[in-house]
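Below, chain A is the first sequence line, B the second, and so on; all start at residue 1.
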Number of protein chains: 2
Amino acid sequence: MNLQRLFRPERIAVVGASDTEGKLGYEAMANAVEFDGRVYPVNPSGEGEVFGEPFVESVTDIEETVDLALLAVPAHVVPDVVAECGEAGVGGAVIYAGGFAEAGGEGEELQEAVISAADEHDVALLGPNTSGFVAPASNLLASFAGGVERLRPGGVTILAQSGGVAHQLAFSAHREGRGIATMVGLGNRANVGFEEAIPYFDSDPNTDAIVLHVEGTDDGRALLEACRDSDTPVIAYKVGQADVGDFAESHTGALTGDHALYTAGFAQYGVPTVESTTELFDAGQALANSPEPEGANVGVVTAQAGPGIIIADRLQRAGATLPDLAADTQDEVGEILPGITYAENPVDTGRPMPEFGDVVEAVAEDEHVDVVLVYELFEEALGFPQETLDGLAERVEKPVLFATEGPAESMADDLDALREADVPVFTSPERGADAAAALARYATLDDAAAEEEVSADV
Amino acid sequence: MNLQRLFRPERIAVVGASDTEGKLGYEAMANAVEFDGRVYPVNPSGEGEVFGEPFVESVTDIEETVDLALLAVPAHVVPDVVAECGEAGVGGAVIYAGGFAEAGGEGEELQEAVISAADEHDVALLGPNTSGFVAPASNLLASFAGGVERLRPGGVTILAQSGGVAHQLAFSAHREGRGIATMVGLGNRANVGFEEAIPYFDSDPNTDAIVLHVEGTDDGRALLEACRDSDTPVIAYKVGQADVGDFAESHTGALTGDHALYTAGFAQYGVPTVESTTELFDAGQALANSPEPEGANVGVVTAQAGPGIIIADRLQRAGATLPDLAADTQDEVGEILPGITYAENPVDTGRPMPEFGDVVEAVAEDEHVDVVLVYELFEEALGFPQETLDGLAERVEKPVLFATEGPAESMADDLDALREADVPVFTSPERGADAAAALARYATLDDAAAEEEVSADV
């Protein structure tokens, strides 16, 4: 299935567009008109214009071919509307309405009818039962939620089974000064599921990492194979260790399945798993903005021992290793800071100081180190070691993560500067450690999965 | 030991005060002069004034009795300075310098000398090897770190073994619009450790909850007994599951000990433990701003199913239970929202709507529910159910927590209003669930500890 016209349309239509504030067709249209391309409001009972665009009676009346239709219509008319879209040559449709497979019974039949209509004309369906998707780089706001116009472009694509979780992840990223490539709520996955979306975004030039929120799917193997075949790094958050089956099935019509099996499966296919939405996007951000890590050895530099101990503890429990630094690195650190508080790994400088950046650089250049994690409480007189961190990851060809905390108002500009320079930034020692550990696991699992693939080919 | 003059002084002295920017004695003085009471800069080589206060040669030269001395002096002179403070009738001293027990050898002897000098005159010592403490309500900034003047008053007291972690917790709280009662970095705990500080803050009228960051201590039982005897709720974060012994010992001279033993001990003495700094302060905030929870039954109301499933999953894994709602609650919810998406627990309204607050109220009044957790993505047209949430916890006499996410700029004012109304607010489904689960564990453990105490008395 070709998802290009669904996710990267040139012309879109909002079917069920409305000029009545508060209606779904109004909210969807209000967002859609932000799009850089052409937008057609479609409604047989619409009169005049809405957001400056004249109403059209039917998608079949539009002279140009529409790529994407956003369906702000009730569930029971969706099969007919999809058929009409197909006849008009529409390539993709977003179905916002609920009341399909997740509702059971007649809802399941309705979903089957939609899929048949779509199959006949090769229409790619996002949903039903989704709040849609957003691609900030082209101002494509195919979601009815308010505030999505504020989201900024970035390198991480979010593929969430739940539209609510997709939006939560995107808004959370935004609150922390991060952007997104595309944010997708898959919903009921009528004919576009993880296994279709992952390969599409793997080949998307804007996507540097893909993060998955998975409740459950009927074809776990297809999901895992799509992950394995992706050159773009993939991280997964599988929900449902405790019993949430009944509630989950009422949500997107999916069985949550066995959590342990999923986790083992992901590991086998080279995908690290995480245990929260925060960890998920943090790991995605770290992967998107970093050279590929080559192994699980993390070198830690901290300006405060307490957070450093937290980091050392957490890294080791999450699958990373803390190697001894090379002898020449230890010598160098000792020369930079004679009488340093602790010169093993973590290196602890005792407090921020002008030489802090030089210590970070020495550890980053250590051949025993695959991933660098730096922690420092902000000190106004010194700022962050911006000059050292800017471009360091590219220079040493390994990920360099920075975790910090401090008076929000004082450090805001310096934090923005680090983000501008594409340094992955985290606001607690645990978040920094979790992201570094996810990189470490990614390096290890990816190698293992590659070997397995080779031996399977032989 | 009386800690009143250490933590609630009327007059303070900064020994080693300096007018040279960048020096510890300058930074400490810059912060100290914010204090609502009198501040004396002490330095035998000081001339004229610093920050508008005339230099004094020695603490013994000050006519009024000083309660608290902040010692911005090198390690080797600390024993003499403490003795001098004792002679001058000083009640407490903060020792910023490192190079004591954490350094081993001569450092240990130096610490012994300091303790002897303090014991002779009954001086309570914070540190050595600490960045100090801060009490925003009286503008008492007994820390040399920049930016602490921005911290606002609140109900949570932070007792951290590491000064760095204490500051990280306080700045993190501040970044999220939260205040603190007192923030303390204990450092080497020469004669003020957890077992002295916990009872003091238990009786502090500004403290509604105490959060502990523990690396290790020589007398675990004394710590646990202080926790058990505290009427103020205590939550603990014990670092060091993996091997961090060598680094940790170099930090505050403490053995990290056996993590499992600590966790079991805390549980036995009625203290829930958590696994991150974020979780620690979140739990403290929830306890400080809530009526005591009576049990582990959490009623969840969500406007989005996806985050609701995450919450249901996480709550159950963290020791909370999701009870069936009472029949009359289910009827009431069905009357408020006919055709509601999911009316079990979690209650899922499908999306935010004007009736959302009424649903929350119905669940909060359910007699099966001990703790209420609400999740809702912000929608600009509706805002948060502010009117319902304001005062609801007091009315139903149970904790009511609110987790959310949304476009940061749009929801900022509404979030502030909720915080103003003392509603504990969390910015991810996992953080909300973790805080609710901590309340659930607190209720369960506290009962168990109380019973054990009774049976031990018998």
No-hydrogen, no-angle side-chain donor-acceptor test under 3.5 Å, Ser410(B) and Arg150(A): yes
Please rank [options] by heavy-atom pairs under 4.5 Å with chain B and give me the top one.
| options | answer |
| --- | --- |
| Gly308(A), Gly185(A), Ala145(A) | Gly308(A) |
| Thr302(A), Thr404(A), Leu377(A) | Leu377(A) |
| Gly406(A), Gly146(A), Gly147(A) | Gly406(A) |
| Glu344(A), Met411(A), Glu275(A), Glu21(A) | Glu275(A) |
| Phe378(A), Tyr237(A), Phe171(A) | Phe171(A) |
| Glu380(A), Gln304(A), Gln241(A), Gln316(A) | Gln241(A) |

Whether Asn345(A) side chain and Val300(A) backbone form a donor-acceptor pair below 3.5 Å: yes
Asn129(B) side-chain N/O to Gly98(B) backbone N/O, donor-acceptor pair under 3.5 Å: no
Members of residues 172-180 of chain B whose heavy atoms come closer than 4.5 Å to chain A: Ser172(B), His174(B), Arg175(B)
Sub-4.5 Å side-chain heavy-atom contact between Thr277(A) and His213(A):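 Result no, sub-4.5 Å side-chain heavy-atom pair not found.
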Contacting region of Ala312(B) [heavy-atom separation from chain A under 4.5 Å]: both
More than 12 heavy atoms of other groups within 6.0 Å of Glu409(B) CD: yes
Structural part of Glu430(A) lying under 4.5 Å from a heavy atom of chain B: side chain
Region of Arg314(A) that comes under 4.5 Å of a non-hydrogen atom in chain B: side chain
